[in-house]
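Numbers for residues simply follow the sequence, beginning at 1. What you see below is based on every heavy atom in this structure, not just the backbone, and it leaves out hydrogens, waters and symmetry mates.
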Amino acid sequence: MKREILNVSQECRISCLPEERLEELMETVVEPFLRENRVSGQTEPVDGAPGMLYYELYLRPEAKGTIVISYGFTESCLKYHELIYYFFWQGYQVAVMDHRGHGHSLREVDDRTIVHIDLFSRYVRDLHRFVKKVVRPAVGEGPLYLYAHSMGGCIGAFYLEQYPEDFARAVLSAPMLGLKLGACPAWAARVLCDLHVWRGKGQERLFTQSPFDPEEDFADSSADSEARHAWYLKCRREDESFQTSSASYDWGKEAINAGNFVTSRAQAQKVKTPVLLFQAGKDHLVRPDAQRRFLSRIACGRLVLVPGARHELYRAQNGVLQPYLEEIFRFYEERG
């Protein structure tokens with residue numbers, strides 16, 4: 001495992017939207033452009049659950065490849081539109097799907113602010129079906145690249161273990177391979193979740209979680225850019241589809257289980273895809289030791305530490321975001 005620190009002084013090919021004009025440019029430039037280039041649709045979940053999974057494709061001729069995004073807990077396709085804009089302008093096609101329980105996709109509980117899953121592997125199988133049934137037929141034979149953040153990073157790592165031939169390269173950004181649970185040991189959190197599931201309360205909100213807060217303070221967020229935080233919070237206020245905010249007891253149990261499973265030696269050794277893993281220096285949500293353990297057990301992995309950064313590296317201030325994106329593009333373009 002190679003370990004590096006993000007070089008924020010390097011020259012970058014990309015110039016991100018100026019943060020002082022972010023909302024204006026998202027509404028007048030980015031969103032209109034993406035609407036013109038978007039193919040949206042729905043696909044079936046793997047298990048026949050009632051409802052459909054929403055997706056967006058951004059296709060372009062002579063693309064360098066296609067980036068498949070697997071996003072994080074309580075997020076949505078919309079939250080990644082700025083990132084999609086940068087990916088597209090660097091010559092890549094992009095595919096992103098709302099995970100079940102998120103965005104415009106199916107919900108399995110009545111309270112739309114709760115994210116619920118009874119088996120974490122359903123996320124993985126949904127994503128695989130999306131890649132095989134939607135993405136690959138739409139983009140043809142070019143290379144597929146994975147970009148996976150947080151919960152989506154755990155889904156992505158799980159995917160690489162189960163389907164090692166699908167992606168040419170994979171970026172895991174602050175992946176949720178182990179949850180930070182404060183003073184509560186993981187075994188105790190798991191017992192608590194198991195108890196509530198056993199009592200038939202698996203779909204209820206975890207007691208440590210809260211409903212959507214339309215006035216979420218920037219200081220409590222996982223972003224380093226106040227402008228990016230404010231823009232998406234505005235979008236969330238306007239559409240309840242984006243107001244997921246908390247986990248069910250079933251989700252908590254499955255998240256702990258999935259992290260342990262994915263980082264186990266037997267599973268991690270199945271990964272053949274080159275992996276670039278970004279670790280946020282001030283991440284208060286996921287455990288760095290679990291990330292390092294995973295990297296130490298795969299065939300080809302590199303760690304890039306971003307000192308002083310919060311969990312959502314793709315919503316950092318421009319001084320960090322631009323070199324972060326440069327590292328990603330350089331990695332996707334490496335050969336061998």
Side-chain angles (χ1 to χ4, degrees), residues 43-49 51 53 68-76 96-103 105-109 114-132 146-164 166-167 170 172-181 186-187 189-198 201-206 208-209 244-268 270-271 275 277 285-287 290-291 293-294 297-298:
T43 187
E44 295 179 350
V46 292
D47 55 358
L53 301 172
V68 177
I69 295 174
S70 174
Y71 63 59
F73 174 66
T74 74
E75 297 191 322
S76 68
V96 58
M97 179 184 71
D98 277 332
H99 299 302
R100 60 175 69 203
H102 293 75
S105 284
L106 68 90
R107 307 301 173 100
E108 297 176 278
V109 292
I114 297 176
V115 175
H116 170 75
I117 197 78
D118 62 345
L119 285 174
F120 200 88
S121 59
R122 297 194 200 280
Y123 287 136
V124 182
R125 292 165 57 214
D126 282 342
L127 184 61
H128 181 248
R129 190 181 191 283
F130 173 56
V131 169
K132 291 300 184 183
L146 178 65
Y147 175 89
H149 166 72
S150 194
M151 180 190 82
C154 187
I155 295 169
F158 202 146
Y159 190 113
L160 297 177
E161 294 168 357
Q162 301 301 308
Y163 311 103
D166 285 5
F167 289 104
L172 304 182
S173 186
M176 186 194 77
L177 303 180
L179 289 166
K180 280 189 175 179
L181 299 168
W187 66 265
R190 170 61 200 275
V191 168
L192 175 67
C193 290
D194 280 344
L195 178 61
H196 281 77
V197 171
W198 178 77
K201 299 181 180 296
Q203 295 186 2
E204 294 185 6
R205 191 188 317 274
L206 266 165
T208 57
Q209 309 272 287
T244 46
S245 59
S246 49
S248 70
Y249 285 100
D250 261 324
W251 187 94
K253 167 180 68 72
E254 286 299 300
I256 294 170
N257 287 348
N260 291 336
F261 180 76
V262 165
T263 59
S264 68
R265 188 178 304 277
Q267 291 302 310
K270 296 178 181 179
V271 177
V275 171
L277 191 153
L285 297 177
V286 299
R287 286 175 24 221
Q291 296 168 349
R293 181 165 61 251
F294 173 76
R297 292 173 172 175
I298 67 175

Closest approach of [X] to [Y] (non-hydrogen atoms, all atoms of both residues):
{"X": "Ala186", "Y": "Leu181", "value": "CA-CD1, 3.7 Å"}
{"X": "Gly156", "Y": "Ser70", "value": "N-OG, 4.5 Å"}
{"X": "His102", "Y": "Thr74", "value": "NE2-N, 3.0 Å"}

Taking [X] for its side chain and [Y] for its backbone only, find out whether a donor-acceptor pair lies under 3.5 Å.
{"X": "His128", "Y": "Asp126", "answer": "no"}
{"X": "Gln267", "Y": "Phe261", "answer": "no"}
{"X": "Ser76", "Y": "Gly103", "answer": "no"}
{"X": "Gln291", "Y": "Pro175", "answer": "yes"}
{"X": "Tyr71", "Y": "His99", "answer": "yes"}
{"X": "Ser105", "Y": "Asp98", "answer": "yes"}
{"X": "His116", "Y": "Asp250", "answer": "no"}
{"X": "Ser248", "Y": "Trp251", "answer": "yes"}

Pair Arg129-Glu44, side chain to side chain contact (heavy atoms under 4.5 Å, CB included): steps then yes or no:
CA-CA 9 Å; Arg129 190 181 191 283; Glu44 295 179 350; 3.8 Å; yes
Is there a side-chain contact between Ile114 and Arg205, using heavy atoms and a 4.5 Å cut-off?
yes
Evaluate the ring planes of His196 and Tyr249, with Trp represented by its six-membered ring, and classify them as parallel (under 30°), tilted (30 to 60°) or perpendicular (over 60°).
parallel
The criterion is side-chain hydrogen bond (donor to acceptor under 3.5 Å, both in side chains); which residues satisfy it with Arg122, sequence neighbours excluded?
Asp47, Asp118
Do Phe167 and Tyr159 have ring centres separated by under 6.0 Å?
yes
Atom CG of Leu172 and atom CD1 of Ile298: how far apart are they, to the nearest 0.5 Å?
7.5 Å
